[in-house]
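Below is one structure; the comments refer to it alone.
Please read these numbers as outputs of a predicted model, since none were measured by experiment. Side chains are part of it too, since the values below use all heavy atoms of this structure and drop only hydrogens, waters and symmetry mates.
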Amino acid sequence: MHSSAVLLIEFGSIILGLGLLGRFAARFQFSPIPLYLLAGLAFGEGGLLPLGASEEFVAIGAEIGVILLLLMLGLEYTASDLVSNLKAHYPSGLVDFTLNALPGAAAALLLGWGPVAAVVLAGVTWISSSGVIAKVLGDLGRVGNRETPVILSVLVLEDLAMAVYLPIVTALVAGVGLAAGSVTLAVALGAAGLVLFVALRYGRVLSRFVSSDDPEKLLLVVLGLTILVAGVAQQLQVSAAVGAFLVGIALSGEVAEGAHTLLSPLRDLFAAVFFVFFGLHTDPASIPPVLVPALALAVVTAGTKIATGYWAARRAGISVKGRWRAGGALVARGEFSIVIAGLAVTAGIEPSLGPLATAYVLILVVLGPLTARYTEPLAGRWSRLREARRPPAQEPAPEALTETPVGD
């Protein structure tokens, strides 16, 4: 009885604290993610007040948080949206992967962490935070800008790539062999292809089956279906998150909109619990030794994200100012970087990977809104300074006037 009371007190305190932190972040118009991570650091092992009784309950909540994050991400898109984006913008996706995943992989190898950690850190530095970027674009009033579809297309391609990337990481951190890993990837790709086909051909039929005028029944059916599919996916070593993402894609129309409205508060609650859980498993004392590599990696990949957005916007025929705005908007990393790092931390791949990922996300989730706001003005100012310092072009010397004799 006593342990149950302690669990309720601890978990209630966590939720109340997260609510207050979220209100504080909203008042100053920035993402609450860094505050949630710091809260986890404060109450985890080595923190100010380590928790005990509620840790297992928080772990379950964190797992639900990841599932809901990916479900809500899938609900944002229809299958036709994903297919059209893939056809039209895949070169931007390739540039994004090359410029932003490779620095993370190189950093892990330079630190001597091995190939599995390199694949994980590549994902941490590759995927931008859709949630933070969408909020920043809304706050800056740029939703209707010409470069915004380019930004969204890059984010969509990253989200679609997660359906392939997460099964690979799940298989690697589980230590399965090449044959088993290939089977896992084949199952994931087959499932993704099947879901896209069913959604394109029979999406309306599936949505009508799930649909209900009663919000309670709709919530129960969608949530139950998502957790069931996520569990089956995890049993097949495909990743529960991918299963949830595919369920979201399969639903469309009014069902997707209704489910999105109903599940948004639950997503926000359990996502906050997930960030706290990640912080709980990171010893604050382990962060200072990796702070310099995290800062260097943040600087490099902030630059490569800006270059990605600039290139993608130029390819779409956007003006120079819009190119800089697109690049600056893509810098923020957040929820999915932590999701990817969490897979490695749970599997015990590399002790320093979790602290580095925490420090890296903390830096870029704060820096991202600043680059979104100031990259274009600073680039314009730098361009004007270069123009002012450029020596004026030398005018050609006037030709000597020659008198022509006048005839008699």
Distance-only, no hydrogens or angles: does the [X] side chain make a donor-acceptor pair with backbone N or O of [Y] under 3.5 Å?
X	Y	value
S129	R333	no
E158	S128	yes
T98	L94	yes
R142	A372	yes

* To do: Start with the C-alpha gap between T226 and L263, add the side-chain angles, then the distance that decides, and say whether side-chain contact (heavy atoms from CB on, under 4.5 Å) holds.
  => CA-CA 12 Å; T226 302; L263 289 167; 5.9 Å; no
Test item: [X] and [Y] side chains (from C-beta on) under 4.5 Å apart, heavy atoms:
X	Y	result
I33	I338	no
L71	F245	no
T358	V290	no
I349	V120	no
I306	T375	yes
N145	I318	no
S211	V255	yes
T301	Y360	yes

Is it the case that over 12 heavy atoms from other parts of the model lie below 6.0 angstrom from the [atom1] atom of [X]?
X	atom1	answer
E63	CD	no
D214	CG	yes
R315	CZ	yes

Interatomic spacing from [atom1] in [X] to [atom2] in [Y] - rounded to 0.5 Å:
X	Y	atom1	atom2	answer
F277	I60	CZ	CD1	10.0 Å
S264	L269	OG	CG	12.5 Å
L121	I340	CG	CD1	10.0 Å
R314	S92	CZ	OG	11.0 Å
R208	E254	CZ	CD	11.5 Å
D96	L330	CG	CG	7.0 Å

Determine the minimum heavy-atom distance between [X] and [Y], stating which atoms define it.
X	Y	value
V273	A62	CG1-N, 3.9 Å
P215	L262	O-CD1, 3.4 Å
P103	V300	CB-CG1, 4.3 Å
A313	G322	CB-O, 4.4 Å
T125	A122	OG1-O, 3.2 Å
A118	A108	CA-CB, 3.5 Å

* To do: Kindly state whether the ring of F24 and the ring of F28 have centres lying under 6.0 angstrom apart.
  =>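 That pair passes the under 6.0 Å test.
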* To do: May I ask you to check whether T304 and N100 show a side-chain donor-acceptor distance below 3.5 Å?
  =>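 There is such a pair (donor and acceptor under 3.5 Å, judged by atom type) between the side chains of T304 and N100.
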* Quick one: list whatever passes ring-ring contact (aromatic ring centres under 6.0 Å, His included) with F209, sequence neighbours left out. =>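 Not a single residue meets the ring-ring contact (aromatic ring centres under 6.0 Å, His included) criterion with F209.
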* Can you pull the ring-ring contact (aromatic ring centres under 6.0 Å, His included) pairs that have at least one residue in residues 316-336, sequence neighbours excluded? ->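 Residue pairs passing ring-ring contact (aromatic ring centres under 6.0 Å, His included), neighbours aside: Y310-W324.
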* To do: Give the C-alpha distance, both sets of side-chain angles, the deciding distance and a yes or no for side-chain contact (heavy atoms from CB on, under 4.5 Å) between L362 and V366.
  => CA-CA 6 Å; L362 284 171; V366 173; 5.9 Å; no
* Test log, rule side-chain contact (heavy atoms from CB on, under 4.5 Å), inputs L37 and V365 -> CA-CA 11 Å; L37 287 171; V365 81; over 6 Å; no
* Geometric class of the Y36/F275 ring pair [parallel <30°, tilted 30-60°, perpendicular >60°] ->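 Ring orientation, 0 to 90° scale: parallel.
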* Do L223 and L68 pass the side-chain contact (heavy atoms from CB on, under 4.5 Å) test, and can you show the C-alpha distance, the side-chain angles, and the key distance before you say yes or no? -> CA-CA 9 Å; L223 188 58; L68 290 178; 3.8 Å; yes
